[in-house]
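In what follows, a single structure is set out as structure tokens and then discussed.
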Amino acid sequence: MIPMLDASPQRIQEWREEYDIEILQLASPLTRYRHEDGLEFGYDNGGFSMNPFSNPDWIPMEKSTYPNCKWIVMPDVVGCALATTRLFNLMKDDIPLHQRAIVAQDGHTIDGNLSIPWDEIGCLFIGGTTEWKDTVGVRLAIHAKQNYPDIWVHVGRVNTKRRMALFFDNADSFDGSGLVRFGMLEELIPRIKELQNSQQRTLEDF
């Protein structure tokens, strides 16, 4: 599981060299850090803090033209799968399929009326409220990795050791910006490296 950080390419490169670990950029219309060709990034919508449609700095169609843009988060509504699905359907045709990221929210299911549109996304972004993320969100991530290996799985707001443990084997990347904010990055990066080389991981590892 690769940390993705909302930081400048220069700072990310410094961390990569210091810790000898892969780190990618999590770009946001809120911080507006620039991009560098040699560094892959995912483009968040900033919706946890601000309605992206009200933010003139949210430019998903432009970001989709960057060859190093892995995925773009479609608009979402925190904790509401129905509203998030409607917004996804509203915008999906503006973004290439391989870059579309839907935010899984409370109410999303593996199949059924509010199922994840597996054939229409390139990335599953695990969002949702805390309890939902750590239960149903984990099951969605596991299902995606087992059945849709081409879909990138990203976990939002990983700012505790327990959450890192829950998703470590079931996601490709996570938002580690909170680790930076709370001063935990230096402590956890060596542990991440160790666990990436381990064959078995449990919650007790953390």
Side-chain angles (χ1 to χ4, degrees), residues 1-16 19 21-80 83-84 87-88 90-92 94-96 98-105 121-130 133 137 141 151-160 163-164 167 171-186 188-189 192:
M1 195 162 67
I2 303 170
M4 298 187 77
L5 306 179
D6 185 5
S8 69
Q10 179 181 356
R11 191 70 185 99
I12 290 174
Q13 186 58 38
E14 290 171 354
W15 282 322
R16 292 173 78 159
Y19 298 118
I21 191 173
E22 184 175 11
I23 300 174
L24 303 180
Q25 185 181 30
L26 181 63
S28 167
L30 303 177
T31 52
R32 295 176 293 169
Y33 287 115
R34 63 184 176 85
H35 314 301
E36 287 185 353
D37 291 344
L39 181 64
E40 291 184 308
F41 70 94
Y43 188 53
D44 204 348
N45 61 28
F48 196 76
S49 302
M50 179 180 183
N51 182 345
F53 291 112
S54 301
N55 189 344
D57 295 311
W58 187 60
I59 45 176
M61 277 71 85
E62 178 181 319
K63 297 297 183 181
S64 71
T65 66
Y66 284 67
N68 56 328
C69 179
K70 292 186 68 64
W71 39 261
I72 293 172
V73 182
M74 300 289 98
D76 65 301
V77 176
V78 178
C80 183
T84 295
L87 290 174
F88 173 83
L90 182 67
M91 275 207 65
K92 66 182 181 182
D94 295 326
I95 302 298
H98 72 280
Q99 290 178 321
R100 295 178 200 155
I102 189 170
V103 183
Q105 297 285 1
I121 60 173
C123 172
L124 175 66
F125 187 115
I126 305 295
T129 59
T130 297
K133 181 196 293 273
I151 291 179
W152 186 273
V153 177
H154 176 83
V155 187
R157 293 184 297 113
V158 175
N159 47 28
T160 67
R163 182 165 293 164
M164 189 181 295
F167 284 97
D172 298 290
S173 61
F174 68 96
D175 178 2
S177 303
L179 302 180
V180 176
R181 251 188 332 270
F182 302 137
M184 298 171 61
L185 183 66
E186 183 175 358
L188 289 182
I189 286 289
I192 293 171

Donor-acceptor contact present, side-chain [X] to main-chain [Y], <3.5 Å:
{"X": "Arg157", "Y": "Thr130", "answer": "no"}
{"X": "Arg100", "Y": "Ile95", "answer": "yes"}
{"X": "Gln99", "Y": "Lys70", "answer": "no"}
{"X": "Glu36", "Y": "Ser8", "answer": "no"}
{"X": "Thr84", "Y": "Val77", "answer": "yes"}

Value rounded to 0.5 Å, distance of [atom1] in [X] from [atom2] in [Y]:
{"X": "Leu179", "Y": "Asn159", "atom1": "CG", "atom2": "CG", "answer": "7.0 Å"}
{"X": "Leu124", "Y": "Ile102", "atom1": "CG", "atom2": "CD1", "answer": "8.0 Å"}
{"X": "Arg34", "Y": "Gln25", "atom1": "CZ", "atom2": "CD", "answer": "9.0 Å"}
{"X": "Asp44", "Y": "Met4", "atom1": "CG", "atom2": "CE", "answer": "9.5 Å"}
{"X": "Tyr33", "Y": "Leu5", "atom1": "OH", "atom2": "CG", "answer": "10.5 Å"}
{"X": "Glu40", "Y": "Cys69", "atom1": "CD", "atom2": "SG", "answer": "9.5 Å"}

State, yes or no, whether a side-chain contact exists between [X] and [Y] at a heavy-atom distance under 4.5 Å.
{"X": "Pro29", "Y": "Pro52", "answer": "no"}
{"X": "Met74", "Y": "Asp76", "answer": "no"}
{"X": "Val180", "Y": "Asp6", "answer": "no"}
{"X": "Met91", "Y": "Met61", "answer": "yes"}
{"X": "Ile189", "Y": "Pro3", "answer": "yes"}
{"X": "Tyr43", "Y": "Ile59", "answer": "yes"}
{"X": "Pro75", "Y": "Trp58", "answer": "yes"}
{"X": "Met50", "Y": "Leu30", "answer": "yes"}

Under the criterion side-chain contact (heavy atoms from CB on, under 4.5 Å), I'd like the reasoning laid out for Trp152 against Trp71: C-alpha separation, chi angles, the key distance, then a yes or no. CA-CA 9 Å; Trp152 186 273; Trp71 39 261; 3.3 Å; yes

Quick one: does NZ or CZ of Lys63 land under 6.0 Å from the six-membered ring centre of Tyr66, within 45 degrees of the ring axis?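 Judged by the rule, Lys63 and Tyr66 form a cation-pi pair.
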
Evaluate the ring planes of His154 and Phe125, with Trp represented by its six-membered ring, and classify them as parallel (under 30°), tilted (30 to 60°) or perpendicular (over 60°).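 Ring orientation of His154 relative to Phe125: tilted.
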
Can you tell me if CD on Gln10 sees more than 12 non-hydrogen neighbours from other groups inside 6.0 Å?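 Not buried by this count: 12 neighbours or fewer within 6.0 Å.
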
Would you say CZ of Arg32 has more than 12 non-hydrogen atoms from neighbouring residues, nucleotides or ligands within 6.0 angstrom?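 No, because the 6.0 Å sphere around CZ of Arg32 holds 12 heavy atoms or fewer from other groups.
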
State, to 0.1 Å, how close [X] and [Y] come at their nearest heavy-atom pair, and which atoms those are.
{"X": "Glu62", "Y": "Thr65", "answer": "O-OG1, 2.6 Å"}
{"X": "Lys133", "Y": "Gly156", "answer": "NZ-O, 2.8 Å"}
{"X": "Ala171", "Y": "Val155", "answer": "CB-CG2, 3.6 Å"}

